[in-house]
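Read the structure below first, then the notes.
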Amino acid sequence: MKLFPAIAGAALSLAIALPAAAQKLPLTELSRYLNSFQTATGAFTQINDDGTISEGQLLIKRPGRVRFEYKPPEQMLVVSNGDTVGIIDGKSNDGPQGYPLHRTPLSIILARNVDLTRARMVTGHSSDGKTTTVRAQDPANPDYGSIDLVFTSNPTELRQWVINDSGGSRTTVILGDLKKDVRLGNDKFVIPGIGTGGGKINR
């Protein structure tokens, strides 16, 4: 299942400002950081499995809610309402598509309480001297895929994640600076066309 379908785009050279060499951040610190805010907004750049690029605005409201607003000329919207992830593709004739949030690796960082120290959740934890990378999965359902989280330090910040879905594809999301603890209404996380008699939810 691809949560973020391929979108036509141009080649892009990306540079992330990184601090000087730093030690690997412990899982307790990374969990603390992810639990330190309920809401956040910021710009994102998405690199799809086929190499195409898209950009947009990200809105997060934990637990369970996220919204990816893609910039024109893309006609995409991806919204999680806390239970279902909806994909609205203006170029598709199939209508909105929905998938259970708990079956996606994104549910790990959208949880009410993120605990990366949980047994069998983290399958990789490394540092290149500048960033700390964690690979996490649902311990009870590793077949749902995994998410690679990339953090910088001083202060601890989430800069990137990579969704490795159950179909073997990878989608990278590079984050700009996140503005945390902003006011976000629940209306931002309503999925258009799903739950109102329309759209399709894939179980």
Side-chain angles (χ1 to χ4, degrees), residues 2-4 6-7 9-60 62-63 66 68 78 104-139 141-182:
K2 293 185 178 181
L3 273 185
F4 307 101
I7 302 171
L12 179 67
S13 176
L14 294 167
I16 302 177
L18 300 176
Q23 294 183 345
K24 181 170 66 175
L25 295 170
L27 297 179
T28 51
E29 163 62 17
L30 301 179
S31 298
R32 184 209 62 77
Y33 163 79
L34 291 171
N35 289 319
S36 68
F37 60 91
Q38 181 184 23
T39 61
T41 63
F44 74 91
T45 299
Q46 178 176 309
I47 306 174
N48 300 292
D49 193 51
D50 63 355
T52 56
I53 305 294
S54 53
E55 297 179 307
Q57 188 75 9
L58 169 70
L59 290 76
I60 296 173
R62 300 175 48 247
V66 68
F68 294 84
V78 176
T104 75
L106 201 56
S107 65
I108 294 171
I109 60 173
L110 293 177
R112 184 178 300 277
N113 180 45
V114 180
D115 182 7
L116 295 175
T117 68
R118 183 180 170 191
R120 300 187 304 280
M121 172 171 281
V122 169
T123 61
H125 183 201
S126 62
S127 173
D128 62 4
K130 296 180 179 179
T131 63
T132 296
T133 301
V134 171
R135 173 165 289 189
Q137 63 182 17
D138 179 345
N141 299 282
D143 55 311
Y144 289 171
S146 63
I147 184 169
D148 296 339
L149 304 169
V150 181
F151 299 87
T152 54
S153 59
N154 298 319
T156 301
E157 294 284 351
L158 177 62
R159 293 296 185 179
Q160 175 177 308
W161 70 63
V162 182
I163 298 288
N164 308 288
D165 73 18
S166 57
S169 68
R170 291 167 56 87
T171 302
T172 300
V173 172
I174 298 171
L175 302 174
D177 290 335
L178 291 177
K179 184 177 181 181
K180 303 179 183 69
D181 296 320
V182 297

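Minimum heavy-atom separation, R62 to A111: NH2-O, 2.8 Å. What you find for K180 and F37 is that their closest heavy atoms are CD-CD2, 3.6 Å. Nearest heavy atom pair, residue G129 against residue S127, reads N-OG, 3.0 Å. Residue I163 comes nearest to L106 through the heavy atom pair CD1-N, 4.1 Å, listed as atom of the first residue, atom of the second, then distance. Of all heavy-atom pairs between K179 and V182, the closest is CG-CG1, 3.6 Å. When all heavy atoms are compared, the tightest approach of I109 to I147 is CD1-CD1, 4.2 Å.
No donor-acceptor contact under 3.5 angstrom links the side chains of Q137 and T123, judged on distance only. Using modelled atom types, one finds a donor on one side chain and an acceptor on the other under 3.5 Å when comparing S146 with N164.
Interatomic distance, L158 CG to F151 CZ, rounded to the nearest 0.5 Å: 5.0 Å. The CD atom of Q38 lies 8.0 Å from the CG atom of D181; values are rounded to the nearest 0.5 Å. Here CG of L59 is found 10.0 Å from CZ of F44. Values are rounded to the nearest 0.5 Å. With rounding to the nearest 0.5 angstrom, the CG atom of L58 is 4.5 Å from the CD1 atom of I60. The distance from atom CD1 of I47 to atom CD of Q160, rounded to the nearest 0.5 Å, is 7.0 Å.
No side-chain donor-acceptor contact under 3.5 Å links S31 to the backbone of T28. Between the side chain of H125 and the backbone N or O of T132, no donor-acceptor pair lies under 3.5 Å. A donor-acceptor pair under 3.5 Å is absent between the side-chain atoms of T133 and the main chain of S126, judged by distance alone.
L149 is not listed as a side-chain neighbour of L30, based on a closest heavy-atom distance of 4.5 Å or more.
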(message) Between R120 and D138, is the salt bridge (Lys or Arg N to Asp or Glu O under 4.0 Å) condition met? List the steps.
(response) CA-CA 8 Å; R120 300 187 304 280; D138 179 345; over 6 Å; no
(request) Go through the steps to decide whether Q46 and N48 satisfy the test side chain to side chain contact (heavy atoms under 4.5 Å, CB included), and finish with yes or no. (result) CA-CA 6 Å; Q46 178 176 309; N48 300 292; 2.6 Å; yes
(request) Verify side chain to side chain contact (heavy atoms under 4.5 Å, CB included) between R170 and D148, making sure each step is shown before the conclusion. (result) CA-CA 10 Å; R170 291 167 56 87; D148 296 339; 3.9 Å; yes
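Between R159 and D177, at least one side-chain nitrogen of the basic residue sits less than 4.0 Å from a carboxylate oxygen of the acidic one, meeting the salt-bridge criterion.
When each of N113, V114, D115, L110 is paired with L34, the side chain to side chain contact (heavy atoms under 4.5 Å, CB included) condition holds for V114 and for no other.
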